[in-house]
Undergrad: 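One structure, as structure tokens, below. Some questions next.
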2 protein chains.
Amino acid sequence: MATQTGETRSGGETRERILDVAEVLFTEHGFEGTSMRLITGNAGVNLAAANYHFGTKEALFQAVFHRRLTQLNRMRLDALDQMELEAEGLPLKASQVLEGFFGPVLAMATDTRHGGHTFMRLLGRTYTEPAQFIRKFMAEEFSDVISRYSDALRRALPGVPLAEIMWRLHFMMGAVSYAISGIDALQLVSGRFDDDPAQLAPRLMSFLLGGLRAPLPDLISPHAQLPTGGVGDGAFAPDFGAARA
Amino acid sequence: MATQTGETRSGGETRERILDVAEVLFTEHGFEGTSMRLITGNAGVNLAAANYHFGTKEALFQAVFHRRLTQLNRMRLDALDQMELEAEGLPLKASQVLEGFFGPVLAMATDTRHGGHTFMRLLGRTYTEPAQFIRKFMAEEFSDVISRYSDALRRALPGVPLAEIMWRLHFMMGAVSYAISGIDALQLVSGRFDDDPAQLAPRLMSFLLGGLRAPLPDLISPHAQLPTGGVGDGAFAPDFGAARA
DNA sequence: GTATGATTAAAACGAACGTTTGAACGCGGG
DNA sequence: CCCGCGTTCAAACGTTCGTTTTAATCATAC
């Protein structure tokens, strides 16, 4: 009220406010579906302020990711460091590795007070976004964590080929992503049921461990590596063929 | 060359061509990121033709989905009908149910000749899109299949609560979605490795069955229902708290 | 051969987009 | 007191968007 136009905000408050609002709106409407005007409007700041602080819309999007991913991956690496320290050179248990990798994700996802929930939905959604500039920095942000954790998993599951571990890590990331981002999608499709967020973690962890430690599949050509458990019945009807009218 | 301007196309060829191109471009750039001009331009048809045939961009998007989803869910229901017929009233095996549900998906996903591969990536990506008009008809297209298959799963896994089955179905859909849409995302993050598409199905099926049949988690409040297998160690560090600077 | 109805072409519509501009503002140190 | 610097402001830039409009073109029936 002191001056004619808007009041001046302290320090980096405008910047942080833009980041917070952008995180929510990018989650709700996607990158292309969110306009700079919508972001700055909801944040109560001037349109040009966004370009002043971040340059371009792409850079703003990256800044949203960088702020959270740095924190997330730091938590993951710290957890792994501590577990490996306590293990004194012995391989970790698979459940420990999973907890180190997905624990921070779930903690962030169920934290509604600091916006982590919103971001994790955005992350899951963005992981499959093919936009070039997104893929680029996603790879950079993740490569360290992936290599450290795939290594820990390889030691936790001796005899399982590395390719299999990578695939299962990939599958697990999909399950976690859906677990976080698709709760309403699930309700939408199946009506209401037990969705207590406090029970999501044990549910998910049990599922992930079951999948990670499942018997190895019968692969087509190469030498089978471990006993399989009657999984390979049925060949997934590979002939899709001329089914399209 | 017979006439001054373009040649006329037969019957519904223009319509089909628009659908095919739209499917590819929606997959690559998303709904908001794909313009009608890009679609019609790549299809070699006039811009107005798209609005003539489909009315609006949203209706075109729905048409893309309807064409494939109808086929996909028909395959799923047919497979379930036949399996239940052959079972003569006895419950199906969990592996059968999974194969009926995800088999058509994988068959479509690995079929590069008829564009199914493209569509399945689009489906996985769209499942978590929060756009209202998308959620609406996704629910309609899927509700039949979900209720039939969740019922079959419930009979295949007696003693497992329905809520648990729905959650695991949800987790599995996430894993399958990533398996289909994120192959390059995986390579991007971990370098090249074995990605023979013919081996994706057995790999995925093994993982899914392991997760589906995993021991039930220790839930916080309610009565435990089945013996659990030492999964509940660690509580996923629920205090995320003031970690943000 | 020509009238008819379906389909396409080309151009234009207003609105919304990301970004830039140049002036005004608040506030610290001379 | 005022000047310089970081920041915010209103306004405008040129482009692209989804959609509509008007006229031309085609296949077909008479």
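A, B, ... follow the sequence lines: proteins, then strands. Residue 1 opens every chain.
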Undergrad: Under a 4.0 Å N-O cut-off, is there an ion pair linking Glu84(A) with Arg148(A)?
TA: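 Judged by the 4.0 Å cut-off on N to carboxylate O distance, Glu84(A) and Arg148(A) do form a salt bridge.
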Undergrad: Expressed as a whole number of angstroms, how long is the span from His53(A):NE2 to dC9(D):C1'?
TA: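 Between C1' of dC9(D) and NE2 of His53(A): 13 Å.
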Undergrad: Determine whether Arg76(B) and Tyr149(B) make a side-chain contact, defined as any pair of heavy atoms from C-beta on separated by less than 4.5 Å.
TA: yes
Undergrad: I need the CD1-C1' distance between Ile39(B) and dC17(D), as an integer number of Å.
TA: 12 Å
Undergrad: List the steps and the verdict of side chain to side chain contact (heavy atoms under 4.5 Å, CB included) for Phe31(B) and Glu58(B).
TA: CA-CA 9 Å; Phe31(B) 176 74; Glu58(B) 288 193 1; 3.9 Å; yes
Undergrad: Pairs counted as Watson-Crick or G-U wobble with both distances under 3.5 Å: what dot-bracket string results for DNA chain C, using | for bases tied to another strand?
TA: |||||||||||||||||||||||||||..|
Undergrad: Carefully, step by step, assess Lys57(B) and Asn51(B) under the rule side chain to side chain contact (heavy atoms under 4.5 Å, CB included).
TA: CA-CA 8 Å; Lys57(B) 187 184 178 184; Asn51(B) 288 95; over 6 Å; no
Undergrad: Are Thr14(B) and Asn46(B) side-chain neighbours, meaning at least one heavy-atom pair lies under 4.5 Å?
TA: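 Counting from C-beta outward, Thr14(B) and Asn46(B) never come under 4.5 Å.
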Undergrad: Ignoring backbone atoms, establish whether Thr14(A) has a side-chain N or O less than 4.0 Å from OP1 or OP2 of dT7(D).
TA: no
Undergrad: Within this structure, what is the CG-to-C1' distance between Leu60(B) and dT19(D), rounded to whole angstrom?
TA: 14 Å
Undergrad: Please write out each protein N/O paired with an N/O of nucleotides 15-17 of chain C under 3.5 Å, distance rounded to 0.1 Å.
TA:
residue: dC17(C); atom: OP1; partner: Ser35(A); partner atom: OG; Å: 3.4

Undergrad: Quick one: Ile18(A) CD1 to dT8(D) P, roughly how many Å, whole number?
TA: 8 Å
Undergrad: With respect to Glu23(A), which candidate in Arg121(A), Arg17(A), Arg67(A) satisfies the salt bridge (Lys or Arg N to Asp or Glu O under 4.0 Å) definition?
TA: Arg67(A)
Undergrad: Which residue in the set Arg68(B), Gln62(B), His66(B) passes side chain to side chain donor-acceptor pair (under 3.5 Å) when paired with Glu141(B)?
TA: His66(B)
Undergrad: I'd like to know whether His29(B) forms a side chain to side chain contact (heavy atoms under 4.5 Å, CB included) with Glu32(A), so could you lay out the CA-CA distance, the side-chain angles of the two residues, the decisive distance to 0.1 Å, and finally the verdict.
TA: CA-CA 9 Å; His29(B) 308 114; Glu32(A) 314 268 5; 5.7 Å; no
Undergrad: Tell me which one of Leu169(B), Leu153(B), Val176(B) satisfies side-chain contact (heavy atoms from CB on, under 4.5 Å) with Phe101(B).
TA: Leu169(B)
Undergrad: Going by heavy atoms in the side chains, are Leu47(B) and Ile39(B) under 4.5 Å from each other?
TA: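 Contact flag for Leu47(B)/Ile39(B) side chains = no.
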Undergrad: Under 3.5 Å between N/O atoms: give me all the protein pairs with nucleotides 20-22 of chain D, atom names plus distance.
TA:
none

Undergrad: Report yes if the side chains of Phe119(A) and Phe65(A) come closer than 4.5 Å at any heavy-atom pair, otherwise no.
TA: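 SC-SC contact between Phe119(A) and Phe65(A) confirmed.
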Undergrad: Send over the distance from Asn46(A) CG to dT21(C) P, rounded to a whole Å.
TA: 16 Å
